[in-house]
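Below is one structure, written out as structure tokens; the observations come after it.
Both counts, for ligands and for their atoms, begin at 1 and track the order of listing.
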Amino acid sequence: MSSKVQKIVICGGGNGAHVLASILSSRENTETNVLTLYQDEAEIWNKAMENGMLYCLLPNESEIRSRPNKISKNPADVVPGANIILITVPAFSHEEYLRAIEPYIRYRTIIVGFPGLPGFEFQTRHILKAKSQFVSVLSATTFPWACRIVEYGRNVKIIGVKNYVDVAVIQDSSKGTLNPIELLQSVLGSPPVFNKTNHFLEHSLMFAVVHPGLMYGRWKYWDGIPLSEKPLFYQGTDDFQAKCVTDLDDEVQGIAKEISKRTGVDFRGCLPMHTWLVKSYGSAISNPCSLKTALVTNKAYEGMVHPMKEVKGGYVPDFKHRYLSEDVPFGLVVVKGLAKIVGLKTPVIDELIRWGQQKLGKVFIEGTELTGGHLFETRAPQVYGITSLKDLRAVMGL
Ligand code: NAI
């Protein structure tokens, strides 16, 4: 790593923020601060750290002991001077954090959505306005560490680390220095290895398919009777669920092809979900012959169950879980918005949005139109005034 001190701010106060705070504070040549705007998390975390260190237990049972420099609720305390800002909160909180850090962002700061999720590109551009031209903005497809807080502010456990994480570069303002992905890699170490993807819109298209597809397929015809146990999420995939994911995926591939055709941008990295699963999980999948078998026989998905709430008589699905609350407004609705821009009909996506919005108690679309009263809570491009191919081309830098 370079000898220059990297001034890092972690935005968030949850599981992911604890892991990043632990790893980054343990590195030489870093000054790591935490910004958490949520309730009294900063106060609780500071109190927990009064007489001790932050412990992070790794999957091999070894431990990192470290201490972030400063934890605060006030951006003015921790953001000025930062050259790397990592945002690791659910997508619905991205806006609050982006608005909070915006006044303190300086030339060539790197901002990472960790993960960014669909529409992060439109939102950062909208909130940072002119500043978005002189910072670097990255969007990771996922958070590399599966992790859980054991004791708030003191103890966090890493359950697993992904070997590779795809990262899209939304804006690169590095000049003659390490590019933003190299810098991210140098401060975080590996694994994970960060891979640069072809184009940031590939993310926005690809990753909205699996969670809503599996949720819809499993619960659309549920009779409302509590279950005695939680069903497996991926490994329990049946034919109908696999068809729901495949039908969604086919529409997504059609949108990618159309945008590619109309803009000349290469979207070959926007892989069909079956291809992506086999490529990403390799030998962990014992039968890769179809989408269904790739989900059902993937060892990495062992033990992962549907999000459920315990009630009298068993378990019922938790429709407010991020598989719908993130993946519909910050996933399918963004994809629908892109389809609208290129004039494609999306009957499957529309049906899933209508079902998902009803479970969430929101209205994003009415019929097939993006006119619902809660549309402004989503990151559809239309929310940011991107309504035509010309607007989209401008965002894509064409
Ligand atoms: P978390 O649920 O532990 O943390 C959420 C944090 O976000 C809270 O501690 C708080 O600081 C902030 N927050 C929550 N609600 C808020 C609100 N209404 N207003 C303002 N701030 C609020 O989430 P976690 O586990 O840290 O995950 C962060 C992101 O990483 C999420 O998008 C999640 O889906 C993703 N992710 C997490 C993984 C994990 O193992 N923790 C694995 C893969 C992805």
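For a threshold of 3.5 Å applied to N or O pairs, the pair formed by Gly16 and ligand 1 contains at least one separation below that value. Of the polar atoms of Gly13, at least one N or O is found under 3.5 Å from an N or O of ligand 1, judged by distance alone.
Closest to atom 37 (C) of ligand 1 by heavy atom, among Phe114, Tyr97, Phe143, is Phe143. Distances from atom 29 (C) of ligand 1 to the heavy atoms of Pro115, Gly14, Ala42 put Pro115 nearest. Here the shortest heavy-atom distance to atom 7 (O) of ligand 1, taken over Ser93, Pro90, Gly12, belongs to Pro90. Distances from atom 9 (O) of ligand 1 to the heavy atoms of Gln39, Arg148, Glu326, Glu41 put Glu41 nearest.
Short contacts between ligand 1 and Ala146, defined as distances under 4.0 Å to a heavy atom of the residue, involve ligand atoms 40 (O). Each of the atoms 15 (N), 16 (C), 17 (C), 18 (N) of ligand 1 lies under 4.0 Å from some heavy atom of Phe92. When each atom of ligand 1 is checked for a heavy atom of Arg322 under 4.0 Å away, the hits are 34 (O). Short contacts between ligand 1 and Thr88, defined as distances under 4.0 Å to a heavy atom of the residue, involve ligand atoms 28 (C).
Shortest contact from atom 40 (O) of ligand 1 to any protein heavy atom: Cys147 N, 3.0 Å. Atom 12 (C) of ligand 1 has its closest protein heavy atom at Val89 CG1, 3.8 Å. Summary of contacts: the protein heavy atom closest to atom 20 (C) of ligand 1 is Glu96 OE1, 3.1 Å. The closest protein non-hydrogen atom to atom 2 (O) of ligand 1 is Asn15 ND2, 4.5 Å.
A salt bridge does not link Asp239 to Lys243: none of the charged side-chain nitrogens sits closer than 4.0 Å to a carboxylate oxygen. Under the 4.0 Å criterion applied to side-chain N and carboxylate O atoms, Arg99 and Glu95 are assigned as salt-bridge partners. Taking a cutoff of 4.0 Å between a charged side-chain nitrogen and a carboxylate oxygen, Glu369 and Lys340 qualify as a salt bridge.
Checking each of Tyr234, Phe330, Phe233 against Tyr323 for a ring pair (Phe, Tyr, Trp, His ring centres under 6.0 Å) leaves exactly one that passes, namely Phe233. The one candidate from Val265, Ile255, Val334, Leu392 that meets the side-chain contact (heavy atoms from CB on, under 4.5 Å) condition with Leu201 is Leu392.
By the criterion of a heavy-atom distance under 4.0 Å, the side chain of Thr36, and not its backbone, is placed next to ligand 1. When heavy-atom distances to ligand 1 are checked against a 4.0 Å cut-off, Trp145 comes that close only through its backbone atoms N, CA, C and O.
Annotation for Tyr384: atom OH counts as buried by contact number, over 12 foreign heavy atoms lying within 6.0 Å.
The structure places OG of Ser22 at 9.0 Å from CD of Glu63, a figure rounded to the nearest 0.5 Å.
Distances from ligand 1 to the non-hydrogen atoms of Leu37 include no value under 4.0 Å.
Side chains of Asp249 and Thr246: no donor on one and acceptor on the other come within 3.5 Å. A donor-acceptor contact closer than 3.5 angstrom links the side chains of Asn60 and Ser62. When only modelled atom types and interatomic distance are considered, Glu366 and Thr371 share a side-chain donor-acceptor pair under 3.5 Å.
At a distance under 4.0 Å, no protein heavy atom can be found next to atom 27 (O) of ligand 1.
Annotation: side chain of Leu58 is in contact with side chain of Ile64 (closest heavy-atom distance under 4.5 Å).
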